[in-house]
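All remarks here apply to the structure that follows.
Every heavy atom of this structure was used, including side-chain atoms; hydrogens, water molecules and symmetry mates were not. Lettering follows sequence order; numbering is per chain, from 1.
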There are 2 protein chains.
Amino acid sequence: MVNSLYRENELLKITRKVEYALIALRHMQAKDPKGLTSAKEIAIHYRIPKQLLAKILQQMSRDNIVEAVQGPAGGYRIRANLGEISLKDFFERLEGPLGMMDCFFESDCIQINACNIRVPIQRINDNMREMFSKMTLMEVTQ
Amino acid sequence: MVNSLYRENELLKITRKVEYALIALRHMQAKDPKGLTSAKEIAIHYRIPKQLLAKILQQMSRDNIVEAVQGPAGGYRIRANLGEISLKDFFERLEGPLGMMDCFFESDCIQINACNIRVPIQRINDNMREMFSKMTLMEVTQ
DNA sequence: AATAAATACGATTAAAATTGTCGTATTTAA
DNA sequence: TTAAATACGACAATTTTAATCGTATTTATT
Ligand code: FES
Ligand code: FES
């Protein structure tokens, strides 16, 4: 990590992207799991920038977490079984690999051999991943 | 978080600051737990910007994790019992409160009442904090 | 006493990452 | 045909992180 030009992952990169995604999923689930909800409705209700939220829903649509219906009266509905998606998978789909430092995913660190904390950090990462593997999206959205 | 003007905490904010701190601690511990090590030595060995590393060591000195000795032939040595400092405490001392989203530490979110994911996120945070409470600095540096 | 090598630290700049917006295309119900 | 919704790449603004600068202080050595 010391010499990577940019970093892709911190220990766990939870950003508004994930936050907005969770808010949207929970809203859809609480409201009407089978009916459609527009990005606009959620954006207004939670004061989230609409275009940004739409993009996130679109990404979840590509990931088959939600289903999109176009046209007026269109919107999104939950497609996946949220109890079967671990938070680890969810975070990784939205944000990329979960882990503390670049060097475990990007191997362009020029001092990867000199580094003295690779192994211990690896252990922390394993713990983190294990923890989020045990929790499902359902636990957050229900 | 939606409406905070800036964010202080992500789920876990592990940055180069923490990385450099861990590298330095481990180096000191492996080399000579009682002798002094200069910031320069560590900076050169791991190719870390010297001034930046020095600042981090200075902060750890204020936090009584290391002890600083000034003057030529000065440097730092580990002061605390690393087995008694949890990673949670360590991360929080260096980076501030550990937690997923601002709203639990900063209460200036204007939609804190409308928000539908506060409680579940709180649960995730608790899990995270618990996990890092159980690990000590020693486990990373030895 | 002078020097040099180290820590101490606030201020500033540079770089990177995140967040948000714009413009345009496509779909489809009314 | 129109309007309201999704789709999405490109761009701009903001925020955060990383690094540097400048100066002061301490102290071993000469
Ligand atoms: S700095 Fe690259 S492996 Fe640790
Ligand atoms: S958006 Fe502020 S509490 Fe959730």
Next item on the list: Find out whether A/Thr136 and A/Ser86 are in side-chain contact, i.e. whether some heavy atom of one side chain is under 4.5 Å from a heavy atom of the other.
Entry: no
Next item on the list: In whole angstrom, give the distance that lies between atom CZ of A/Arg47 and atom P of C/dG20.
Entry: 14 Å
Item checked: First of A/Gly71 and A/Gln51 reached from the 5' end of DNA chain C, by closest nucleotide -> A/Gln51
Checklist line | Nearest-Å distance for atom pair CD/P, residues A/Gln58 and C/dA25 | finding: 16 Å
Next item on the list: Could you check how far OH of B/Tyr76 sits from P of C/dA6, rounded to whole Å?
Entry: 11 Å
Check: Are A/Arg129 and A/Asp126 close enough for a salt bridge, meaning some N to O gap below 4.0 Å?
Finding: yes
Notebook entry, point to check: Judged by atom type as modelled, is there a donor-acceptor pair below 3.5 Å linking the side chain of A/Arg77 to the main-chain atoms of A/Ala68?
Noted result: no
Check: In terms of heavy-atom contacts, does NZ of B/Lys31 have more than 12 from other residues, nucleotides or ligands at under 6.0 Å?
Finding: yes
Check: Rounded to whole angstroms, how far apart are CD1 on B/Ile56 and P on D/dT17?
Finding: 13 Å
Margin query: Is A/Tyr20 close enough to C/dG20 that one of its side-chain N or O atoms is under 4.0 Å from OP1 or OP2 there?
Written below: yes
Notebook entry, point to check: Given that A/Ser61 and A/Pro72 both sit by DNA chain D, which one's nearest nucleotide is further toward the 5' end?
Noted result: A/Pro72
Note to self: Expressed as a whole number of angstroms, how long is the span from B/Leu53:CG to C/dA6:P?
What the structure shows: 13 Å
Checklist line | Check: B/Lys50 side chain, C/dT7 base, donor-acceptor under 3.5 Å | finding: no
Checklist line | Among D/dA19, D/dA3, C/dA5, the nucleotide that comes nearest once only the side chain of B/Pro49 is considered | finding: D/dA19
Notebook entry, point to check: To the nearest angstrom, how far is A/Arg62 atom CZ from D/dC8 atom C1'?
Noted result: 8 Å
Notebook entry, point to check: With respect to the side chain of A/Thr15, which nucleotide from C/dT18, D/dT20, D/dT27 is positioned closest?
Noted result: C/dT18
Note to self: What is the distance, to the nearest angstrom, from the CD1 atom on B/Ile44 to the C1' atom on C/dA5?
What the structure shows: 13 Å
Next item on the list: Counting heavy atoms from C-beta on, name the nucleotide in D/dT27, D/dT6, C/dT21 closest to the side chain of A/Leu52.
Entry: C/dT21
Margin query: Under 4.0 Å, heavy atoms only, any strand: does B/Ala54 hit a base, just the sugar-phosphate, or nothing?
Written below: nothing
Next item on the list: Find which nucleotide of DNA chain C each of A/Gln70 and B/Val69 is nearest to by heavy atoms, and output the residue with the more 5' nucleotide.
Entry: B/Val69
Note to self: Can you confirm whether the side chains of A/Thr15 and A/Glu95 place a donor and an acceptor under 3.5 Å from each other?
What the structure shows: yes
Next item on the list: Return the value, rounded to whole Å, for the distance between atom CZ of B/Arg77 and atom P of C/dA6.
Entry: 16 Å
Next item on the list: From the options C/dG20, D/dA19, C/dC9, select the nucleotide whose nearest atom is closest to the side chain of B/Arg16.
Entry: D/dA19
Margin query: Quick check for you: among D/dT20, C/dA6, D/dT27, whose closest atom lies nearest to any side-chain atom of B/Lys55?
Written below: D/dT20
